[in-house]
Number of protein chains: 2
Amino acid sequence: MSTAHTGVPTSPAEHALPVPVPSEEYERCPVTGLLRRLGDKWTLVLLSLLARRPYRFNELHRAVEGISQRMLTRTLRTLEADGLVEREVFPTVPPSVEYRLAPPGVSLMRSLSPLATWAVEHARRAG
Amino acid sequence: MSTAHTGVPTSPAEHALPVPVPSEEYERCPVTGLLRRLGDKWTLVLLSLLARRPYRFNELHRAVEGISQRMLTRTLRTLEADGLVEREVFPTVPPSVEYRLAPPGVSLMRSLSPLATWAVEHARRAG
DNA sequence: CCGTATCCCGCGAGATACTG
DNA sequence: CAGTATCTCGCGGGATACGG
């Protein structure tokens with residue numbers, strides 16, 4: 001992949017393709033893709049909380065038992081990248097950051113509702 | 001399960017706990033649990049096919065591009081254990097096995113429908 | 001035709017420590 | 001307060017080969 005000049009690679013990411021090649025074929029089915037996204041350890045918990053009201057970072061950290069800072073940041077950033085959550089920074093001292101559900105997040109939670117009901121009702125078998 | 005006598009362990013699984021301890025805490029949220037179940041690589045594809053009509057094993061194997069026998073069996077057995085799919089064996093020669101959607105599977109697919117619609121509509125961002 | 005049995009590998013995700 | 005940076009490990013899942 002090196003290509004051009006004679007340069008020795010200084011970073012592995014240097015030769016990353018400019019085009020986002022679908023590395024996983026899960027992309028083929030958007031439904032499965034969505035289920036995988038929502039099915040990670042923290043996403044639903046965070047979405048559920050944010051569905052009620054906006055939260056600040058450490059407020060979430062306290063509200064969600066057992067989550068690490070790393071996973072909280074990662075999950076929130078992914079949600080933001082997907083357009084499900086909005087992030088607003090207040091340049092106060094010390095800094096304050098607020099997270100809220102974006103409109104697509106709201107409609108997603110609505111669409112999820114029947115499945116959630118099914119899950120609770122059938123919790124014993126396939127839950 | 002040797003146990004008893006003085007036997008030297010012959011298998012690692014020998015000391016497995018008799019009680020199915022919830023190894024993962026995903027169990028805490030039935031919705032997340034369900035999303036994880038449905039979110040694996042082949043489950044939705046199989047459920048979608050079986051939602052239309054019953055299939056035999058090799059018929060599924062041919063219909064689902066890229067699935068291995070191992071994963072087909074595994075996925076079907078999990079679906080059966082969850083009560084979502086029914087398996088019927090016809091003792092012919094050679095043997096024939098038919099899989100069909102069980103009633104809970106039907107209601108699950110119904111409940112999944114709004115989310116599937118959302119996924120397709122928002123395929124570009126969070127798909 | 002309908003599976004099981006092994007082996008193997010990458011990635012999601014947890015623990016821990018550090019920073020503007 | 002609100003994050004990054006590393007390291008590590010378990011498990012989902014693929015390849016392959018064999019069995020009733």
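So you know, we letter chains A, B, ... as the sequences are listed, proteins then strands, and number each from 1. Small disclaimer: the values here were computed from a predicted structure and weren't measured.
- Within the nucleic acid shown, R74(A) has no heavy atom closer than 4.0 Å to any nucleic acid atom.
- Among the protein residues, T73(B) comes within range of the nucleic acid bases, having at least one heavy atom under 4.0 Å from a base atom.
- Between dG12(C) and K41(A), no contact under 4.0 Å exists linking OP1 or OP2 to a side-chain N or O.
- Nearest-nucleotide positions on DNA chain D place L76(A) closer to the 5' end than the other of R70(A) and L76(A).
- Residue contacts for Y99(B): at a heavy-atom cut-off of 4.0 Å it reaches the sugar-phosphate backbone alone, with no base atom in range.
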Legend entry - Pair R53(A)-E98(A), salt bridge (Lys or Arg N to Asp or Glu O under 4.0 Å): steps then yes or no: CA-CA 10 Å; R53(A) 64 171 176 88; E98(A) 197 171 278; over 6 Å; no
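- Between R56(B) and dG3(C), a side-chain N or O to OP1/OP2 separation shorter than 4.0 Å is absent.
- Between the CD1 atom of I67(B) and the P atom of dG12(D) there is a distance of 16 Å, rounded to whole Å.
- Remark: P of dC1(C) and CG of L72(B) are 13 Å apart, rounded to the nearest angstrom.
- Taking atom CD of residue E88(A) and atom P of nucleotide dC1(D), one finds them 19 Å apart after rounding to whole Å.
- The distance from atom CE of M71(A) to atom P of dG12(C) is 10 Å, rounded to the nearest whole Å.
- Side-chain N/O atoms of R87(A) include one lying less than 4.0 angstrom from OP1 or OP2 on dG3(D).
- Ring pair W118(A)/H122(A) is parallel by interplanar angle, where below 30° counts as parallel and above 60° as perpendicular.
- Side-chain N/O atoms of W42(A) include none lying less than 4.0 angstrom from OP1 or OP2 on dG12(C).
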